[in-house]
Participant: 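A single structure is presented below for examination.
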Amino acid sequence: MASRLLWASRAASYLRISVSHRGFATDLSASCAYLLPAVIPAVLKDLKYLESHEWVKVDGNSATVGITDHAQDHLGDVVYVELPEVGATVTHGGSFGAVESVKATSDINSPVSGKVVEVNENLSDSPGLVNSSPFEKGWIIKVELNDSGELNKLMDSEQYSKFCDEEDSKH
């Protein structure tokens with residue numbers, strides 16, 4: 001068991017993701033209980049995070065925004081993503097769209113302020129990309145940053161992992 005957790009931690013480090021051990025799942029097959037690590041949502045180290053579970057990746061003056069693996073995991077299967085118009089203005093912490101899943105509808109908030117320069121049109125036909133690839137193919141908008149200083153108000157991967165652990169322990 002310990003060797004699997006060590007291997008997972010090393011693999012996560014290589015892939016630049018953060019993992020925490022949030023518990024164990026029990027599989028009762030052939031009348032024997034086996035402890036397996038529970039499925040742990042990924043937290044990428046080079047991103048910044050908002051408390052409402054959106055991520056942002058900054059490249060120069062451009063920022064890509066999406067919802068986190070943790071958020072999509074709690075939402076369940078995403079069936080619709082409401083996208084803003086290109087040219088719309090978004091503000092730090094302000095809502096710019098919504099994600100509708102089989103469980104709930106949730107606002108999408110922007111981690112940064114700026115002008116929307118691109119929306120992920122693929123989400124119109126394939127909203128499930130938010131579930132299957134939240135950090136790559138499931139991104140939601142790209143923004144031209146107004147104030148890169150806002151990034152200092154966001155959580156890094158370690159802070160976000162702790163935030164999620166605390167939030168999950170309350171439920």
Side-chain angles (χ1 to χ4, degrees), residues 8 12 15-27 36-58 62-143 150 153-171:
L15 296 171
R16 296 179 24 217
I17 61 175
S18 175
V19 296
S20 61
H21 308 293
R22 292 193 181 146
F24 297 94
T26 303
D27 174 22
L36 301 171
V39 175
I40 301 169
V43 177
L44 301 186
K45 290 185 179 180
D46 59 342
L47 305 181
K48 293 286 200 165
Y49 299 89
L50 195 60
E51 287 184 356
S52 52
H53 303 287
E54 290 82 13
W55 58 264
V56 62
K57 181 174 185 166
V58 176
S62 177
T64 303
V65 175
I67 68 167
T68 65
D69 193 30
H70 185 270
Q72 72 78 25
D73 185 54
H74 283 272
L75 282 168
D77 293 336
V78 174
V79 295
Y80 178 74
V81 180
E82 178 186 317
L83 299 169
E85 296 291 325
V86 171
T89 300
V90 293
T91 57
H92 171 77
S95 175
F96 67 80
V99 176
E100 184 178 328
S101 74
V102 294
K103 292 182 183 179
T105 298
S106 182
D107 285 341
I108 309 169
N109 300 314
S110 182
V112 294
S113 298
K115 182 173 92 175
V116 176
V117 294
E118 187 177 352
V119 297
N120 189 347
E121 297 290 348
N122 294 326
L123 298 178
S124 296
D125 293 329
S126 302
L129 290 172
V130 170
N131 296 110
S132 63
S133 184
F135 298 113
E136 292 177 18
K137 295 178 183 175
W139 62 272
I140 298 171
I141 61 172
K142 293 190 179 185
V143 176
E150 290 176 335
K153 300 176 184 177
L154 303 174
M155 293 179 277
D156 63 22
S157 61
E158 188 174 313
Q159 292 167 321
Y160 181 68
S161 289
K162 287 179 185 176
F163 173 78
C164 291
D165 287 343
E166 291 170 5
E167 188 176 75
D168 287 348
S169 71
K170 294 176 185 175
H171 295 86

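Treat the numbers as computed from the prediction; the structure is a model and nothing was measured.
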Participant: If you take all heavy atoms of Ser157 and Tyr49, which pair is closest and at what distance?
Facilitator: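 Closest approach of Ser157 to Tyr49: CA-CE1, 3.9 Å.
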Participant: Output, in order, the C-alpha distance, side-chain angles, deciding distance and verdict of side-chain contact (heavy atoms from CB on, under 4.5 Å) for Asp168 and His70.
Facilitator: CA-CA 10 Å; Asp168 287 348; His70 185 270; 3.1 Å; yes
Participant: Does the Asp77 side chain pair with the main chain of Val102, one donor and one acceptor, at a distance under 3.5 Å?
Facilitator: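 Between the backbone of Val102 and the side chain of Asp77 there is no qualifying donor-acceptor contact (under 3.5 Å).
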Participant: Any side chain to side chain donor-acceptor pair (under 3.5 Å) involving residues 101-115? Give me the pairs, sequence neighbours left out, ordered by first then second residue.
Facilitator: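 Of all non-adjacent pairs touching residues 101-115, those that pass side chain to side chain donor-acceptor pair (under 3.5 Å) are Ser52-Asn109, Ser113-Glu150.
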Participant: Looking at Asn120 and Trp139, what are the two nearest heavy atoms and their distance?
Facilitator: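 In terms of heavy atoms, the two residues are closest at ND2-O, 2.7 Å.
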Participant: Pick one: which of Val86, Val119, Val56, Val117 meets side chain to side chain contact (heavy atoms under 4.5 Å, CB included) with Ile141?
Facilitator: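 Testing Ile141 for a side chain to side chain contact (heavy atoms under 4.5 Å, CB included) against Val86, Val119, Val56, Val117 leaves exactly one candidate, Val119.
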Participant: What pair of heavy atoms forms the shortest contact from Asp69 to Pro134, and how long is it?
Facilitator: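 For Asp69 versus Pro134, the nearest heavy atoms are OD1-CG, 3.8 Å.
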Participant: Please check this pair: side chain of Ser133 against backbone of Leu129, looking for a donor-acceptor N/O pair closer than 3.5 Å.
Facilitator: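 Pair absent, no side-chain N/O of Ser133 close to backbone of Leu129.
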Participant: Do His53 and Glu167 pair up side chain to side chain, a donor and an acceptor below 3.5 Å, judged on atom types alone?
Facilitator: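 Yes, Glu167 and His53 have a side-chain donor paired with an acceptor closer than 3.5 Å.
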Participant: Output, in order, the C-alpha distance, side-chain angles, deciding distance and verdict of side-chain contact (heavy atoms from CB on, under 4.5 Å) for Val112 and Val90.
Facilitator: CA-CA 7 Å; Val112 294; Val90 293; 5.5 Å; no
Participant: Please check if atom CD in Gln159 has more than 12 non-hydrogen atoms from other residues, nucleotides or ligands closer than 6.0 Å.
Facilitator: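 Enclosed.
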Participant: For a side-chain contact (heavy atoms from CB on, under 4.5 Å) check, start with the C-alpha distance between Tyr160 and Thr68, then their side-chain angles and the critical distance, and finish with the verdict.
Facilitator: CA-CA 10 Å; Tyr160 181 68; Thr68 65; 2.8 Å; yes
Participant: Kindly say whether Lys45 contributes a backbone atom to a donor-acceptor pair with the side chain of Asp156 at under 3.5 angstrom?
Facilitator: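 No, Asp156 side chain to Lys45 backbone: no donor-acceptor pair under 3.5 Å.
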Participant: Distance-only, no hydrogens or angles: does the Trp55 side chain make a donor-acceptor pair with backbone N or O of Ile67 under 3.5 Å?
Facilitator: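 Yes; judged by distance alone, with no hydrogens or angles, the pair exists.
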Participant: Pro111 pairs by side chain to side chain contact (heavy atoms under 4.5 Å, CB included) with which of Met155, Glu51, Lys48, Glu54?
Facilitator: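 Exactly one option meets the side chain to side chain contact (heavy atoms under 4.5 Å, CB included) with Pro111, and it is Glu54.
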Participant: Ser169 side chain to Glu166 main-chain N or O, any donor-acceptor pair under 3.5 Å?
Facilitator: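 It does hold such a pair.
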Participant: Shortest non-hydrogen contact from Pro84 to Ala88?
Facilitator: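 Where Pro84 meets Ala88 most closely, the heavy atoms are CB-CB, 4.4 Å.
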Participant: Given 3.5 Å as the limit, does a donor-acceptor pair link the side chain of Asp46 with the main chain of Lys57, or not?
Facilitator: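 Judged by distance alone, no pair lies under 3.5 Å.
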